[in-house]
Structures are given as C-alpha cells and as structure tokens.
K.L.:
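Please find one structure pasted underneath; my questions will follow.
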Amino acid sequence: MTDQAHPDRLAKVEALRAQGIDPYPARGVAATPIGELLVGAGTPEAPGALVGTRVTVAGRVQLLRDFGKLVFAPLQDRTGRLQVGLERDKLTEWWPQRKLLDGADLVGVTGTLGHTKKGEPTVWAEVVTLLAKAVAPPPEKWHGLVDKELRYRRRYVDLWASEGVADVFVKRSKTLGTIRKYLESEGYLEVETPTLHPIAGGAAARPFVTHHNALDSDLYLRIAPELYLKRLVVGGLERVFEISRNFRNEGLSVRHNPEFTMLELYEAQADYRRMLEIAEQIVERCALAVNGTTKVTFRGAEYDLKAPFPRVGYTDLFREKNGFDFDDAAKVKRRAQELELHVVADPWKLMNDVFEATCEDTLSGPVFVVDYPVQICPLAKQKPGDPRIAERFELYVAGMELGNAFSELNDPAEQQRRFEEQVATKDPEAPGEVDWDYVQALEYGMPPAGGLGIGIDRLVMVLTGQDSIRDVLLFPAMKPESRGSRGELEKNAAPKP
RNA sequence: GGGCGCGUAGCUCAGCCGGUAGAGCAACUGGCUUUUAACCAGUAGGUCGACGGUUCGAUCCCGUCCGCGCUCACCA
C-alpha cells in the first residue's frame with residue numbers, strides 16, 4: 001500500500017471481512033444512470049414518472065451527513081449527483097455497517113425514489129451494497145484538488161473531486177465524434193498508419209528514438225502521419241483521415257506537450273482551397289456540437305468561430321508589419337537583429353522567425369494566413385503562376401496555430417530535390433535521410449490532392465476555454481515521481497507490524 | 001536551458017524579528033430522523049520536500065538537489 005491508504009479505513013476493510021462482507025465484490029449492480037433518475041424524480045410539485053418506484057443507483061459517496069438515525073449521502077456517477085437517504089428503521093440489518101461507510105466509497109443503493117421535506121430528490125434506501133471500499137481519503141470536500149501537480153498526477157481523483165474537469169473531457173470526446181461524423185459524411189475513410197517510423201518525416205521536429213530488437217533497427221516515434229497518409233492517396237483511397245498521436249522531443253509549454261493529437265486528412269482532386277472549407281466546417285461544427293454556439297471565450301477574449309473565416313496573405317501581412325518584402329534577405333537579417341532574434345544561418349527560417357515575431361500575435365482570429373513562401377513548405381505545391389509561393393495556409397485563433405494545410409506536392413523529382421535540401425541542412429529537426437520509399441510512391445503517381453492538419457488539443461482548448469494544453473490532456477507529461485520529491489509514493493515493502 | 005515563485009496534517013491553507021507548529025474540512029469517540037460545505041462536544045494526526053551549512057538553537061537564514069507552477073527561449 002502507499003502512504004495514501006488510511007489506517008482507519010484499512011481497519012474498516014478488515015472489519016467488513018470479519019462480518020463476511022467482501023469490500024471488493026466481483027459484481028457490480030444494475031443501476032439507472034443518475035441523470036435519468038433526476039429526470040424521473042421531477043420536483044415535489046411536478047413529480048416525475050419514477051417517483052414512488054423502486055430504483056437502483058450506483059456511485060461514489062460524495063459526503064455523509066449523519067443525523068444519528070438518518071444519513072443523507074449524495075452519490076455521484078458519470079451523469080450527475082443524487083442523494084440517498086439511509087434510515088435506521090428501514091435498514092435494520094445493514095445499520096451496524098453504517099460506521100464502516102466513508103466518503104469516496106463506491107456503493108449501490110436500491111430503494112424508493114422520492115423527495116425530502118425540502119424537495120431534494122432522494123432514493124430512500126432499502127438495500128445498500130458496498131461495491132468498492134476507498135482506503136485512500138478523498139480531498140477536501142469544498143475545494144477539491146487545487147494543487148496542479150496533484151491534479152495532473154492523480155487525475156483519477158481530480159476527475160470526480162474537482163468541478164468541471166470531467167466536462168472538459170466529455171467535450172473533447174464530442175469534438176472527436178463530430179469530426180468523425182463530418183468526415184465520414186464527406187466520404188472519408190478513417191485509417192491507422194504506423195507510429196514507429198524508420199525516418200522521422202512529414203514535419204520538422206526532433207523525434208523520440210527507439211529500437212526494435214528483432215529487426216535490430218532504430219525507429220522513430222512519428223512526428224506526423226503525413227507521408228503515410230499520402231501513400232494511401234497514391235494507393236487510391238482518395239479521401240483518408242487519421243486522428244494520430246504524434247510525438248516530438250521538444251519543450252513543454254501551455255501549447256506544447258511531447259505527445260499530442262493531430263487530425264490529418266487528404267483528399268484527391270482537391271487543393272488547399274477545399275481544405276479552407278473543411279477546416280472552417282470542422283471548427284464551426286465542433287463549436288456547435290460542444291457548446292451549442294459558435295461564440296467562445298478563450299484567454300479572456302471572445303471569438304466567433306462561425307464560418308467563413310477571413311483570409312490574409314502571408315507575404316502581404318509580412319510587408320504590412322515589416323515594411324519590406326519577405327524575400328529581401330538583407331532587410332530580413334537587419335530586422336531580425338532589431339528584434340534581437342537569434343540569427344540563424346538559414347535565411348528562410350530567419351524570415352519565418354521574423355514573421356512569427358511580428359505577425360503571429362496579431363492574428364487573434366479565427367483567421368487563415370494563406371500563400372506561404374515556398375522555401376518553408378517542403379511538402380507543398382507551388383502556386384500556378386508564382387513559383388515563389390506555395391499553396392499553403394495556417395489557421396490561427398488567439399495567436400495560436402490551430403491548423404496547417406496545403407496543396408500537396410506530387411512531383412516526385414521536385415519532392416526528391418526538396419528532401420535532399422532538407423537533409424543537407426543537417427538540422428536536428430530535419431529528417432536524417434531522404435525518404436526514398438515516399439519518392440517512389442510519388443513516382444507511381446499521386447493525384448492532385450489537398451491535405452489538412454488540425455491540432456486537436458489546441459482546438460479543444462479553444463472550445464472549452466482552457467488556457468493550458470495540460471488541462472485538455474487527461475495525463476499531461478510530467479517527470480516521474482522520485483525519492484525526495486513531494487508526491488513520493490512510499491512503497492511499504494516491509495511487513496506490517 | 002534562463003528568470004521568478006512555490007513545497008507546512010489525507011486535502012485547503014495560516015505561521016510576524018530564528019526559540020522544535022496552528023485552523024477548517026476529512027478521520028476517530030459521543031449526541032442528533034430532513035441535511036444541501038448540516039450542526040454540537042471531545043480525541044488523534046507533522047522527519048515543515050531531501051541533504052548539507054551558519055547558529056546555543058533552523059519550518060524560518062545560506063547552499064545544493066528533487067518536484068511543481070508561471071514566464072522567456074526552443075517549438076513548420
């Protein structure tokens with residue numbers, strides 16, 4: 001046991017066993033969800049259909065309000081909270097066990113649904129079944145878990161002890177469901193591609209490295225599913241999407257977690273103009289599904305996610321904010337020095353750094369930044385009539401990048417050339433070698449296609465008004481607990497006295 | 001990685017100028033059949049994140065380390 005197990009509660013486990021009661025029975029009870037019981041209870045003035053009937057409720061004991069011969073105990077399940085009334089006179093057989101019941105225990109209660117004198121819906125208990133004894137005490141009943149470290153480390157407590165936490169994850173699930181439903185209605189196929197990649201491609205990021213023993217080869221956890229999904233477009237699947245966990249071995253912040261969820265989709269015969277429409281549809285539909293409105297409040301500001309979103313040209317915005325054109329390398333360098341940016345060797349990366357420093361914060365959004373310099377888009381197709389520009393856009397809300405899309409490059413020779421350029425930079429964020437298999441896939445012919453990626457965690461942040469990505473991840477990345485740290489798990493290896 | 005801040009009872013938090021610690025909730029004992037954070041009386045619970053230093057004496061001052069938060073950097 002850990003040091004969370006409380007001696008009083010452990011003693012109660014023994015007392016229950018001594019009475020022949022299993023504190024951890026093998027079977028649960030068939031219970032009606034509390035949400036349905038609350039509807040069925042109605043109010044004292046307008047009683048619902050279930051009032052006076054025998055019902056079973058199962059949940060976690062939130063509180064015990066003990067009046068001696070009467071105990072009120074609100075139970076909570078995934079659908080809500082409903083109190084049970086435990087009366088000595090109706091529970092003569094069970095009553096001696098009353099002192100063995102604690103807050104946070106899981107119980108099933110069968111009884112008659114009704115109301116108290118004050119009008120509170122209540123199940124008046126006839127049978128009480130302990131479903132699982134909590135030997136670790138619950139957090140303080142009014143504040144819940146406040147300490148962020150404890151909240152993230154013990155999400156299994158945070159979810160039921162802190163107000164509104166579970167709701168964020170219900171909304172996250174609705175977001176994913178809405179996306180799946182919409183894309184399926186558009187004829188998309190949901191697919192699963194490898195997580196272990198021999199080459200870390202499809203994005204620029206430092207990868208996690210692992211090793212496969214039987215194949216004796218190093219593998220990378222995927223930084224993006226992009227190149228596999230486009231292979232499927234070559235394979236004729238034409239409209240595919242994947243909701244993919246990606247891994248990037250980089251810093252943590254309120255917008256970054258080393259593993260994060262990305263929606264990527266690819267559509268044959270489409271280009272980035274169609275992707276604009278899909279991105280708008282996804283964001284708007286998810287907002288409506290989750291909140292019933294397109295208006296959201298995020299980081300203290302209001303946003304309306306109603307389609308269509310405005311478009312602004314990357315190069316236009318660059319010129320507006322900096323007073324010169326993006327491809328004037330000398331001025332870019334001077335500007336970077338003015339801004340006290342770290343002046344990197346790659347002039348195009350430097351240009352984009354200047355863009356991010358001067359433009360990104362101004363993109364309150366929702367807004368699409370469209371038409372990027374081709375040099376920072378190694379997988380995107382050039383714009384017809386302007387070879388300096390790639391058909392690419394990014395979607396911004398609150399200065400935060402939510403999505404990224406382009407008309408996919410499908411010329412194998414051009415793709416090979418750009419891969420070789422990337423590899424030559426020796427950048428730790430660039431792939432270490434040319435993905436020849438992907439070049440070969442393009443040699444078989446990929447139809448013109450548009451592709452779109454949307455950061456699901458960030459989308460959920462905006463939809464639920466959470467400032468930090470950690471609050472939309474059930475188990476955000478944390479350092480493992482270790483000796484001397486505060487949340488130490490003291491393993492009780494020695495036999496008990 | 002840098003800066004700032006935090007770590008005290010199971011939880012939420014006090015603790016002044018250095019003199020080995022308090023409250024509320026939870027727990028335990030007793031009372032109470034209508035509460036909504038029930039109430040009343042009593043009891044128990046602490047290596048003050050870890051290790052070192054200064055000091056007659058350290059929760060408090062100093063150093064190192066661990067963990068967390070915010071922030072900057074990094075992050076197509």
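Residue numbers start from 1 in every chain, and the chains themselves are labelled A, B, ... in the order their sequence lines are given, proteins ahead of strands. Values in this document were obtained by computation on a predicted structure and should not be read as measured data.
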K.L.:
Can you give one letter per nucleotide of nucleotides 69-74 of chain B, going 5' to 3': B for a protein heavy atom under 4.0 Å from the base, S for sugar-phosphate only, - for none?
P.N.:
SSS-BB
K.L.:
Between B:C13 and B:C6, how far is it from one C1' atom to the other, in whole Å?
P.N.:
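It works out to 13 Å between them.
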K.L.:
Please work out if A:Q83 contacts a base, only the sugar-phosphate, or nothing of the nucleic acid, heavy-atom cut-off 4.0 Å.
P.N.:
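Since a base atom lies under 4.0 Å of A:Q83, the category is base.
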K.L.:
Atom CZ of A:R9 to atom C1' of B:C11: distance rounded to whole Å?
P.N.:
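That distance rounds to 12 Å.
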K.L.:
So, are A:R311 and A:E280 salt-bridged, with charged N and O less than 4.0 Å apart?
P.N.:
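A salt bridge links A:R311 with A:E280.
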K.L.:
Which nucleotide in the list B:A27, B:U34, B:C11 gets nearest to the side chain of A:D8?
P.N.:
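Side chain of A:D8 sits closest to B:A27.
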K.L.:
With under 30° as parallel and over 60° as perpendicular, where do the rings of A:Y372 and A:Y314 fit, or are they tilted in between?
P.N.:
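It falls in the tilted class, 30° to 60°.
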K.L.:
Hey, is A:D327 close enough to A:R388 for a salt bridge, meaning N to O under 4.0 Å?
P.N.:
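Salt bridge present between A:D327 and A:R388.
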K.L.:
Taking the C1' atom in each of B:U34 and B:G49, what is the distance between them to the nearest angstrom?
P.N.:
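Between the two C1' atoms, the distance is 46 Å.
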K.L.:
Under 4.0 Å between any heavy atoms, over every strand shown, what does A:P74 touch: base, sugar-phosphate, or nothing? Just pick one.
P.N.:
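Result for A:P74 = nothing.
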K.L.:
Is A:R222 salt-bridged to A:E242, cutoff N-O under 4.0 Å?
P.N.:
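Looking at A:R222 and A:E242, the cut-off is met.
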K.L.:
Mind checking whether A:F318 and A:F326 have parallel, tilted or perpendicular rings, split at 30° and 60°?
P.N.:
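Rings of A:F318 and A:F326: perpendicular, as their planes differ by over 60°.
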K.L.:
Taking only the side-chain nitrogens and oxygens of A:K141, find out if one of them lies under 4.0 Å from OP1 or OP2 of B:A26.
P.N.:
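Answer is yes, contact under 4.0 Å.
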K.L.:
What does A:G85 touch in the nucleic acid at a heavy-atom separation under 4.0 angstrom: a base, only the sugar-phosphate, or nothing?
P.N.:
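Contact class for A:G85: none.
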K.L.:
What salt bridge (charged side-chain N to carboxylate O under 4.0 Å, His left out) pairs are there with at least one residue in residues 400-410 of chain A, not counting sequence neighbours?
P.N.:
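Those involving residues 400-410 of chain A are A:K230-A:E408.
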K.L.:
May I have the step-by-step check of ring pair (Phe, Tyr, Trp, His ring centres under 6.0 Å) for A:Y272 and A:F406, ending in yes or no?
P.N.:
CA-CA 5 Å; A:Y272 79 144; A:F406 23 91; 9.6 Å; no
K.L.:
What interatomic distance, in whole Å, is found between C1' of B:C28 and the corresponding atom of B:A44?
P.N.:
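7 Å, rounded to whole Å.
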K.L.:
Please classify the nucleic acid contact of A:E360 as base, sugar-phosphate, or nothing, using heavy-atom distances under 4.0 Å.
P.N.:
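The answer is nothing, as A:E360 stays clear of every strand by at least 4.0 Å.
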K.L.:
Once rounded to the nearest 0.5 Å, what's the spacing between atom OG of A:S407 and atom CZ of A:R392?
P.N.:
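The CZ atom of A:R392 is 12.0 Å from OG of A:S407, to the nearest 0.5 Å.
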K.L.:
Please give the distance between the C1' atoms of B:U8 and B:U12 as a whole number of Å.
P.N.:
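So the two C1' atoms sit 12 Å from each other.
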K.L.:
Can B:C17 be described as syn, meaning its chi torsion is within 90° of 0, or is it anti?
P.N.:
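Chi for B:C17 falls in the syn range.
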K.L.:
Please list residues of residues 88-109 of chain A whose heavy atoms come under 4.0 Å from any atom in RNA chain B, ordered by number; otherwise none.
P.N.:
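Result for residues 88-109 of chain A: A:D89, A:D102, sorted by number.
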K.L.:
With rounding to the closest Å, how many angstrom separate the C1' atoms on B:A41 and B:C32?
P.N.:
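One C1' to the other, the span is 12 Å.
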K.L.:
Which distance, rounded to the nearest 0.5 Å, do you find between the CH2 of A:W95 and the CG of A:D89?
P.N.:
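Those atoms lie 8.5 Å apart.
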K.L.:
Using salt bridge (charged side-chain N to carboxylate O under 4.0 Å, His left out), reason through A:R417 and A:E420 one step at a time and then give a plain yes or no.
P.N.:
CA-CA 5 Å; A:R417 193 185 63 74; A:E420 283 166 346; over 6 Å; no
K.L.:
Taking the minimum atom-to-atom distance to the side chain of A:K69, which one of B:U33, B:A26, B:U12 wins?
P.N.:
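When the side chain of A:K69 is considered, B:U33 is the closest of B:U33, B:A26, B:U12.
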K.L.:
Side chain of A:E87, heavy atoms from C-beta onward: which of B:U34, B:U36, B:A76 has the nearest atom to it?
P.N.:
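So the side chain of A:E87 is nearest to B:U34.
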K.L.:
Of the listed nucleotides (B:C68, B:C32, B:U12), which one gets closest to any side-chain atom of A:V146?
P.N.:
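Minimum distance to the A:V146 side chain belongs to B:U12.
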K.L.:
When we call it a touch if two heavy atoms are under 4.0 Å apart, what does A:R81 touch: a base, just sugar-phosphate, or nothing?
P.N.:
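Contact class for A:R81: none.
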K.L.:
What does A:W348 touch in the nucleic acid at a heavy-atom separation under 4.0 angstrom: a base, only the sugar-phosphate, or nothing?
P.N.:
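Contact class for A:W348: none.
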K.L.:
Mind checking the P distance from B:U29 to B:G45? Whole angstroms is fine.
P.N.:
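About 16 Å, rounded to a whole number of Å.
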K.L.:
Need the pair for B:G42. Rule: Watson-Crick or G-U wobble, both distances under 3.5 Å, any strand; none if unpaired.
P.N.:
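B:C28 - that is the nucleotide pairing with B:G42, both distances being under 3.5 Å.
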